[in-house]
Amino acid sequence: MNNPAQFPLSARIFHWGMAALIFSMLLAGLSMVQTLQAWHAPIVAAHKFFGVLALIAVIARLANRFRFKSPALPADLPAAQKLAAMVTQALLYICMFAMPISGFLMVSASGQGINMLGLFTLPPIGEPSLVGYSFFRELHAITAVLLMLLIVMHVTAAVYHGLIRKDNLLRSMLR
Amino acid sequence: MRAPLSKYIALAGVAAAISGVFLYAGGFFGNSQLTAQEFVNLQQGANPHAGFRRAHAKGFCVAGEVRSNGALAEHSVAAVLQSTTTPFIGRFSTGGNNPLAPDLSSPVRSLALSFSESPEQNWRIAMNTPPVMAVATPEAFYAQLSALSPDPATGQRDPSRIQAFFQQHPESQTFRNWSASYQATGSLAAEQYHSINAFYLVNSAGERQAVRWAAVPKTQVASNPFAEQNDALRLELEAQLAQAPVAFDWQFTFAGANDDENNPTQLWPESNEQKIAGQIVITRIEPDSACSEILYDPLILPAGVQATADPILRARSAAYAESYRRRAREVAAQHAQ
């Protein structure tokens with residue numbers, strides 16, 4: 001079985017595009033819940049809009065994921081590190097789904113829809129509920145913390161492969 | 001395959017840099033600017049009342065409708081302002097963080113409205129008895145609330161702190177003049193409630209008009225017959241509603257050429273153009289469950305109404321959201337028990 005040296009272009013576009021989106025969304029989310037400045041409203045509106053885009057993007061990305069064979073992990077990688085890589089990747093996907101879904105459901109539970117650039121409004125699902133709001137609001141926050149931990153691990157591991165192990169792993173996603 | 005130490009240091013640097021960016025954005029190294037969390041901490045005081053709103057904790061839900069005459073339709077595409085009748089769930093409240101305080105003695109009374117006919121037309125309106133703010137920025141408002149807070153040791157307000165605050169903020173003169181002349185009535189139905197902050201009406205041609213609005217009472221009630229009771233204002237309104245609905249004129253005041261729509265501390269001249277959009281009619285009191293889920297965030301606006309850049313208005317959303325999050329968490333915890 002041949003082992004591709006790199007991820008296909010579609011996977012690299014999804015990876016780097018969503019990396020930029022997720023990083024921006026995390027920073028926007030962390031700041032906007034604290035700020036009292038005038039940019040609060042436009043950032044919240046943008047956060048909700050891009051959250052919907054992120055959900056569409058991760059669905060398309062997962063579908064695309066099954067269309068190609070990923071480069072295998074380096075053969076000499078210890079089993080524990082292989083397992084860690086798989087678990088991290090699975091958790092990253094779970095978080096990429098859980099973030100926008102919990103965000104949409106918390107907005108829904110507060111009785112709001114999501115305005116899509118003034119073109120139309122995504123209607124809320126279900127009746128307004130404080131208990132439901134709290135569940136999804138806290139889930140959104142907890143998932144965000146988990147996602148940030150995973151990103152730190154993911155980037156550190158990638159740089160470890162590129163800088164210290166000097167194997168093909170980092171290069172397979174870079175170009 | 002032994003890499004030099006410098007590469008491990010570089011690796012640690014990468015991990016630390018990303019973690020540092022997240023921690024910085026999360027406020028772990030402190031915030032240079034006032035945060036919504038600090039604001040709500042101040043509002044709720046040392047002993048938060050679990051499950052209640054952090055500000056205007058005392059209040060009750062009402063239901064009613066706006067009977068719009070269409071006079072504002074040429075200025076805004078908002079559905080409520082077309083010639084039609086729109087139901088709402090409202091909330092009368094009094095200022096402060098104590099849901100059990102006697103309502104008659106509160107210096108501020110409020111009327112909030114929620115229109116939820118469709119997601120595009122969701123509109124939350126929060127109006128208060130003062131027509132202006134004392135200050136124009138969230139930072140100054142925080143300082144004002146701090147100055148007005150009771151001293152934790154004595155439980156009393158410190159008049160010298162209050163005086164010092166107002167001296168440092170000459171922009172509060174209009175508010176102080178109003179405060180000195182304001183005579184609270186005996187009824188929630190006899191107060192005039194103001195948007196305080198200005199908004200833009202936007203019509204189908206995309207033209208913007210800055211406005212403030214008010215609910216202008218149609219009845220006079222000098223004294224409250226239930227004055228000895230904790231819920232005097234609610235009891236009085238109940239008695240009125242048992243007889244007939246309570247109505248207000250919904251009055252819009254247009255900004256003139258010299259009026260700054262982003263400054264909530266100044267009154268606009270009485271000569272400004274005014275239009276009555278119709279009547280706000282309260283028909284009945286509703287159980288608490290009717291409005292407990294509603295976040296009366298004045299930045300939830302329909303197509304046809306937009307927020308001005310007024311810093312106080314813009315600050316309200318984040319503080320309301322933080323209060324809503326805390327209240328929801330407490331209600332969920334009570335629910336789970």
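Treat the numbers as computed from the prediction; the structure is a model and nothing was measured. Chain letters run A, B, ... following the sequence lines, proteins first and then strands; every chain starts at 1.
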Q: Identify the heavy atoms of P124(A) and P119(B) that sit nearest to each other, and give their distance.
A: CD-CG, 3.7 Å
Q: With distance as the sole test, does Q34(A) use its side chain to make a donor-acceptor pair with the main-chain N or O of A25(B) at under 3.5 Å?
A: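 Yes, the answer is positive, given that a donor and an acceptor are paired below the 3.5 Å cut-off.
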Q: Counting only heavy atoms not in Y93(A) (residues, nucleotides, ligands), do more than 12 fall under 6.0 Å from its OH?
A: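 Yes, enclosed.
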Q: Measure A141(A) against the heavy atoms of chain B and call it side chain, backbone, both or neither at under 4.5 Å.
A: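 Contact with chain B is through the side chain of A141(A) alone.
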Q: Which one wins on heavy-atom pair count under 4.5 Å against chain B: A28(A), P128(A), P123(A), G132(A)?
A: P128(A)
Q: At under 4.5 Å between heavy atoms, what parts of residues 10-18 of chain B are in contact with chain A? List them by residue number.
A: A10(B), L11(B), V14(B), A15(B), I18(B)
Q: Tell me if the aromatic rings of F23(A) and F22(B) count as close, with their centers under 6.0 Å from one another.
A: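 Between F22(B) and F23(A), which both carry aromatic rings, the centre distance is below 6.0 Å.
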Q: In terms of heavy-atom pairs under 4.5 Å with chain B, which of G113(A), S110(A), A38(A) leads?
A: A38(A)
Q: Can you confirm whether F49(A) is buried at CZ, in the sense that more than 12 heavy atoms of other residues, nucleotides or ligands lie under 6.0 Å from that atom?
A: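 Yes, because the 6.0 Å sphere around CZ of F49(A) holds more than 12 heavy atoms from other groups.
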Q: Write out, in numerical order, the residues from residues 292-308 of chain B with a heavy atom short of 4.5 Å from a heavy atom in chain A.
A: S292(B), E293(B), I300(B)
Q: Is E120(B) close to chain A through its backbone or its side chain, or both, or neither, when contacts mean heavy atoms under 4.5 Å?
A: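 Its backbone and side chain both get close to chain A.
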Q: Mind checking the OG-CD spacing from S116(B) to Q112(A)? Nearest 0.5 Å is all I need.
A: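 If we round to the nearest 0.5 Å, S116(B):OG and Q112(A):CD are 7.5 Å apart.
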Q: From R314(B) CZ over to T35(A) OG1, what is the distance, rounded to the nearest 0.5 angstrom?
A: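 If I round to the nearest 0.5 Å, the distance is 11.5 Å.
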Q: Identify which part of A109(A) has an atom lying under 4.5 Å from any heavy atom of chain B, answering side chain, backbone, both or neither.
A: backbone
Q: Under 4.5 Å, counting heavy-atom pairs only, tell me which of S31(A), S129(A), A41(A) racks up the most with chain B.
A: S129(A)
Q: For M86(A), I'd like to know if atom CE has over 12 heavy atoms of other residues, nucleotides or ligands within 6.0 Å.
A: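 Atom CE in M86(A) is not crowded, with 12 or fewer foreign heavy atoms closer than 6.0 Å.
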Q: Of all of T137(B), T35(B), D310(B), which one pairs up most often with chain A through heavy atoms under 4.5 Å apart?
A: T35(B)
Q: Among V152(A), I151(A), V33(A), L122(A), single out the residue with the greatest number of heavy-atom pairs under 4.5 Å to chain B.
A: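 The option with the most such pairs is V152(A).
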Q: Need one label for L163(A): side chain, backbone, both or neither, based on atoms under 4.5 Å from any heavy atom in chain B.
A: both
Q: Any idea which of L130(A), L149(A), T156(A), L30(A) has the most non-hydrogen atom pairs under 4.5 angstrom with chain B?
A: L130(A)
Q: For a 4.5 angstrom cut-off between non-hydrogen side-chain atoms, does L36(A) reach Y142(B)?
A: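 Of all side-chain heavy-atom pairs linking Y142(B) with L36(A), none is under 4.5 Å.
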Q: Looking at P311(B), G27(B), A321(B), S114(B), which has the largest count of heavy-atom pairs under 4.5 Å with chain A?
A: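 Going by pairs under 4.5 Å, I would pick G27(B).
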Q: Determine which residues belonging to residues 322-337 of chain B lie within contact range of chain A, meaning some heavy atom pair is under 4.5 Å apart, and list them by number or answer 'none'.
A: Y324(B), R325(B), R327(B), A328(B), R329(B), V331(B), A332(B), H335(B)
Q: Can you confirm whether Y24(B) is buried at OH, in the sense that more than 12 heavy atoms of other residues, nucleotides or ligands lie under 6.0 Å from that atom?
A: no
Q: Is any residue of residues 36-43 of chain B within less than 4.5 Å of chain A by heavy atoms, and which ones?
A: A36(B), Q37(B), F39(B)
